[in-house]
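Here the structure comes first, spelled out in structure tokens, and everything after it is commentary.
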Amino acid sequence: VARVHANRGEIITNLTGQLQIIGGVVHQAILQGRFLSGAPITMRVTPGAGGLRQMRVVGNDGGGALRAVNLYSKISGGSIDFQAKLHAAPKTGIQKGKLIVRNFAVHNEGAIGDIKNRKLKTGPRKKALRFSSLIIPFSTNAEQVLIGNASITGIEYGATAQGIIGKASGRMNIGGTITPAPGINTIFGEFPIIGQILSPRGQGLIAMNFALRGTMSKPRFKVDPVSVLTPGILGEILSTGGGGVAPDGTPEKKKEKPPAARMDQ
């Protein structure tokens, strides 16, 4: 196929490959093409046990790939590695997946401008912020996208997040912690005992809890100002969003109540 027109103006050229479709379900596939920038993109689907299928997408233009699938439009450059275990037909969705983007920039993100005004300044503002990695473990079903312990790491900012996005409505319930200059800020977390008390997850001694509400098209960025001074254990208590999702992005299992105490007669 000479040209494939994807979302947000992205175009994939010279797409070649093979598809095996049975009963409307893609069982196997390999597709290869290039964005207009010349960066390659490859998708593979391979069959697994019990009707499950493994899907993997790799490429050298992470921003282009995210725009092409209409996921996010403000990333430029970077490599992408998307891995997913697909449910067996006729069930749809991703049983378990992980998105990894490395060495990219974020442009004109309103939430970042909001962070600037929350007294977490780390230096002169630039047109774009550069990040070394974005890792998002997740799963999906017919109604929702569940995000596990996601993390983003950069020179100026680092962040962790967790939560749920509604597919049809685009509504978000995402909470997390932002840390300025994470390389320096988390060094205290390396100290035994003290580091565990002040920063049990290594998010830094200066941190800010946040929540994303609203919808994907109109997000609302909320901040817990107290958490700037009370990260670590208190930051966990004051968390402003998220929940209901396991660290790997799958639905959190409900904890069984311990059996009632019994006194021997």
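If you run side chain to side chain contact (heavy atoms under 4.5 Å, CB included) between Phe131 and each of Val106, Thr153, Ile75, only Val106 comes through. Evaluated for a side chain to side chain contact (heavy atoms under 4.5 Å, CB included) with Leu99, the options Val57, Leu66, Ile147 yield exactly one hit, Leu66.
With sequence neighbours left out, the side chain to side chain donor-acceptor pair (under 3.5 Å) criterion links Thr140 to no other residue. For Leu31, the side chain to side chain contact (heavy atoms under 4.5 Å, CB included) partners two or more places apart in sequence, or in a different chain, are Leu15, Leu19, Met43. Take Thr215 and apply the side chain to side chain donor-acceptor pair (under 3.5 Å) test, not counting sequence neighbours, and it matches Ser217. Listed by chain and residue number, nothing satisfies the salt bridge (charged side-chain N to carboxylate O under 4.0 Å, His left out) test with Lys98 (two or more places apart in sequence, or in another chain). With sequence neighbours left out, Ile11 forms a side chain to side chain contact (heavy atoms under 4.5 Å, CB included) with Arg3, His5, Thr13, Leu36. With sequence neighbours excluded, the residues forming a ring-ring contact (aromatic ring centres under 6.0 Å, His included) with Phe138 are Phe82, listed by chain and number. Applying the side chain to side chain donor-acceptor pair (under 3.5 Å) test to Gln54 and every residue at least two apart in sequence or in another chain returns nothing. Residues satisfying the side chain to side chain contact (heavy atoms under 4.5 Å, CB included) test with Arg102, not counting sequence neighbours, are Ser79, Ile100, Ser133. Remark: Val25 engages His27, Arg53, Ala89 in a side chain to side chain contact (heavy atoms under 4.5 Å, CB included) (not counting sequence neighbours).
From Asn103, atom CG reaches atom CG of Leu134 across 12.0 Å, with rounding to the nearest 0.5 Å.
For the salt bridge (charged side-chain N to carboxylate O under 4.0 Å, His left out) condition, the pairs that include at least one residue of residues 8-31, sequence neighbours left out, are Glu10-Arg67. Screening residues 75-87 for salt bridge (charged side-chain N to carboxylate O under 4.0 Å, His left out), with sequence neighbours left out, gives Arg56-Asp81. For residues 33-52, every residue pair satisfying the side-chain hydrogen bond (donor to acceptor under 3.5 Å, both in side chains) rule, not counting sequence neighbours, is listed here: Ser37-Asp61.
When atom types are taken as modelled, the side chain of Asn7 and the backbone of Ala68 share a donor-acceptor pair closer than 3.5 angstrom.
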